[in-house]
Amino acid sequence: MKRFIYADNSATTQPSEHVIESMMPYLREFYGNPSSLYSISEATKTAVENARAQTAAALGAEAKEIFFTSGGSESDNWAIKGAARQAAKKGKKHIISTAFEHHAVLHTLESLKKEGFEVTLLDVHSDGLVRVDELEAAIREDTALVTVMYANNEIGTVQPIAEIGEICKKHGVLFHTDAVQAVGNLHIDVKAQNIDMLSLSAHKFHGPKGVGALYIRKGVRINNLVDGGAQENGRRAGTENVASIVGLGTAITDAVAAIDEKTEKLTAMRDRLIDGALTIERSRLNGDRVKRLPGNVNISFEGIEGESLLLWLDQKGICASSGSACTTASLDPSHVLLSIGLPHAVAHGSLRLSLGDNNTMEDVDYILSVLPGIVKMLRDMSPLWEEIIKEENK
Ligand SMILES: *Cc1c(COP(=O)(O)O)cnc(C)c1O
């Protein structure tokens with residue numbers, strides 16, 4: 001029997017039954033506009049506020065500090081553009097970030113450069129980690145914002161967020177983190193970690209797509225991104241996506257309650273997968289082995305194309321990714337793999353398997369039972385591999 005294994009949980013996750021059930025009443029009966037005054041609207045308004053309280057509780061924030069958005073990309077755009085344009089009024093036009101952020105951050109920074117902002121991108125070194133001393137050295141008088149992702153979406157490396165928060169606080173610089181991959185996987189406490197703004201997205205932790213949130217610490221002023229009505233306390237216009245916001249609230253509550261149990265389960269599966277895959281000759285693990293998301297495996301196999309590997313894995317019922325899903329339409333290897341110093345040819349042969357709530361150890365064993373054969377078959381027909389072997393035998 002052909003198996004089906006979804007191992008692309010960093011791209012998106014399957015919404016849980018509990019999440020879907022919690023959303024249904026807000027698609028069927030309770031369709032009132034939360035801003036209206038009749039009683040069916042009272043229910044939707046209460047549901048949105050309940051989800052806001054759930055989201056705040058999951059992050060150690062206050063409900064007033066949570067603003068719902070259309071997802072991770074919007075939250076990143078809002079935090080960065082909003083903070084930058086606000087700081088520009090005081091003549092601060094310098095932003096610090098890293099070379100391996102998600103495109104929602106990197107492309108936002110590119111667009112701000114056209115508005116006259118200056119951007120410093122920190123090196124993430126070969127282990128996929130920023131160095132806090134280098135970050136501190138990059139801070140200037142006119143630095144408006146530091147934005148560093150919590151955990152990388154391709155190689156899973158987890159950044160020293162609390163230390164970065166400490167440094168930003170010491171220098172009086174705003175600190176934003178794209179925590180889209182971290183929420184639901186790692187314990188987050190925005191107060192203890194001195195995080196001023198944090199982006200999250202529901203579909204990365206078994207919630208629905210097209211809904212997210214931005215945490216903005218009380219007292220932090222940033223410009224609005226979406227102008228219009230007075231929703232979200234006058235800071236983000238548009239009739240609330242009620243059912244999805246309810247789904248986000250359910251998903252984040254469930255995910256955070258299960259973090260410890262999930263970490264233990266996923267780490268064991270991840271490590272077995274890494275050890276097994278690394279027995280294939282001329283393979284390497286990308287990103288620090290320990291400071292990485294519990295479900296992330298990212299391995300390069302020399303002499304093959306990641307895309308072909310994905311097609312063959314798909315034939316065996318396995319969904320995986322090669323680099324970021326957003327970059328698969330492009331011919332260049334992922335900017336993340338290049339940022340940790342991989343040569344183009346090696347970066348091209350990379351495979352990301354991201355495990356989630358629905359995976360089991362049997363899935364891992366099945367993947368390991370088919371992967372070596374596929375790699376060998378692809379190498380047998382690869383001119384690149386022939387070159388590598390010739391070079392080796394010289
Ligand atoms: C998925 C992702 C995003 C984008 O979130 P969307 O909700 O899909 O817009 C941003 N940053 C990171 C790190 C991500 O993994």
Side-chain angles (χ1 to χ4, degrees), residues 6-15 19 55 66-81 97-111 121 124 128-130 147-159 161 164 176-186 188 195 197-215 225-226 236 238 241 244-245 247-249 251-252 255 286-287 291-298 319-329 334-337 339-340 352-356:
Y6 185 76
D8 202 15
N9 289 276
S10 287
T12 196
T13 56
Q14 180 179 26
V19 164
T55 307
I66 304 298
F67 300 87
F68 293 115
T69 65
S70 65
S73 299
E74 184 189 325
S75 295
D76 286 341
N77 270 264
W78 183 15
I80 297 167
K81 288 176 179 161
S97 189
T98 78
F100 77 162
E101 296 293 313
H102 191 273
H103 282 144
V105 169
L106 287 180
H107 292 171
T108 297
L109 294 173
E110 281 305 313
S111 110
L121 294 183
V124 290
L129 296 165
V130 293
T147 174
V148 174
M149 73 197 316
Y150 205 120
N152 185 269
N153 47 302
E154 290 187 42
I155 57 173
T157 49
V158 180
Q159 304 306 314
I161 293 299
I164 296 172
H176 165 254
T177 184
D178 172 344
V180 173
Q181 292 290 334
V183 172
N185 280 312
L186 304 169
I188 298 177
I195 298 168
M197 293 184 283
L198 176 146
S199 302
L200 62 89
S201 178
H203 76 98
K204 301 289 175 78
F205 48 84
H206 300 278
K209 292 166 185 63
V211 64
L214 180 64
Y215 151 79
L225 185 72
V226 182
R236 197 274 187 185
N241 184 354
S244 295
I245 288 170
L248 189 163
I252 202 168
N286 297 314
K291 291 176 183 156
R292 70 190 300 133
L293 288 170
N296 177 286
V297 176
N298 190 309
C319 307
S321 139
S322 177
S324 172
C326 324
T327 57
T328 45
S334 102
H335 68 284
V336 173
L337 297 175
S339 78
I340 60 168
R352 179 187 73 183
L353 294 156
S354 44
L355 305 169

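Residue indices begin at 1 and follow the sequence shown. Atoms within a ligand are numbered from 1 in the order they appear, just like the ligands themselves.
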- Message: Nearest 0.5 Å, please: how far is OG in Ser334 from CG in Asn286?
- Response: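 If I round to the nearest 0.5 Å, the distance is 8.5 Å.
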- Looking at CG of Asn152 and OG of Ser339, how far apart are the two atoms once the value is rounded to the nearest 0.5 Å?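 Here the interatomic distance stands at 7.0 Å.
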Considering heavy atoms of the protein only, find what lies nearest to [atom] and give residue, atom and distance to 0.1 Å.
{"atom": "atom 8 (O) of ligand 1", "result": "His203 NE2, 3.0 Å"}
{"atom": "atom 3 (C) of ligand 1", "result": "His102 NE2, 3.5 Å"}
{"atom": "atom 5 (O) of ligand 1", "result": "Gly72 CA, 3.4 Å"}
{"atom": "atom 11 (N) of ligand 1", "result": "Asp178 OD2, 2.7 Å"}
{"atom": "atom 4 (C) of ligand 1", "result": "Ser73 OG, 3.6 Å"}

- Query: Does an N or O anywhere in Gln181 fall below 3.5 Å from an N or O of ligand 1?
  - Reply: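 In this structure, Gln181 places an N or O atom under 3.5 Å from an N or O of ligand 1.
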- Item | Any N or O of Ser10 closer than 3.5 Å to N or O of ligand 1 |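 There is no such contact.
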- From Asn296, Asn153, Asp8, residue fulfilling side chain to side chain donor-acceptor pair (under 3.5 Å) relative to Arg352: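 Between Arg352 and the candidates, side chain to side chain donor-acceptor pair (under 3.5 Å) is satisfied uniquely by Asp8.
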- Under a 4.0 Å heavy-atom limit, does Ser201 contact ligand 1 with its side chain, its backbone, both, or neither?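 Within the 4.0 Å criterion, Ser201 contacts ligand 1 through side-chain atoms alone.
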- Which is it for Glu74 and ligand 1 at heavy atoms under 4.0 Å: side chain, backbone, both or neither?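 Neither; no heavy atom under 4.0 Å.
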- Passing option when Asn298 is tested against Leu337, Ile340, Leu353 for side-chain contact (heavy atoms from CB on, under 4.5 Å):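 Exactly one candidate clears the test, Leu337.
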- Work out which heavy atom in Pro208 is nearest to a heavy atom in Val19; give both atom names and the distance.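 Answer, listing the atom of Pro208 first, then Val19: CD-CG1, 4.0 Å.
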Using a 4.0 Å cutoff against the non-hydrogen atoms of [X], which atoms of ligand 1 qualify?
{"X": "Gly71", "result": "7 (O)"}
{"X": "Lys204", "result": "1 (C), 2 (C), 3 (C), 14 (C), 15 (O)"}
{"X": "Met149", "result": "13 (C)"}
{"X": "Asn153", "result": "13 (C), 15 (O)"}

- Any donor-acceptor pair under 3.5 Å linking the side chain of Gln159 with the backbone of Gly128?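 Yes, the answer is positive, given that a donor and an acceptor are paired below the 3.5 Å cut-off.
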- Lys291, NZ atom: more than 12 neighbouring heavy atoms under 6.0 Å: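 Counting other residues, nucleotides and ligands, NZ of Lys291 stays at 12 neighbours or fewer.
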- Item | Leu121 side chain near Leu109 side chain, heavy-atom distance below 4.5 Å |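 Result yes, sub-4.5 Å side-chain heavy-atom pair found.
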- Thr108-Asn77 side chain donor-acceptor pair, cut-off 3.5 Å: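 Short answer, yes.
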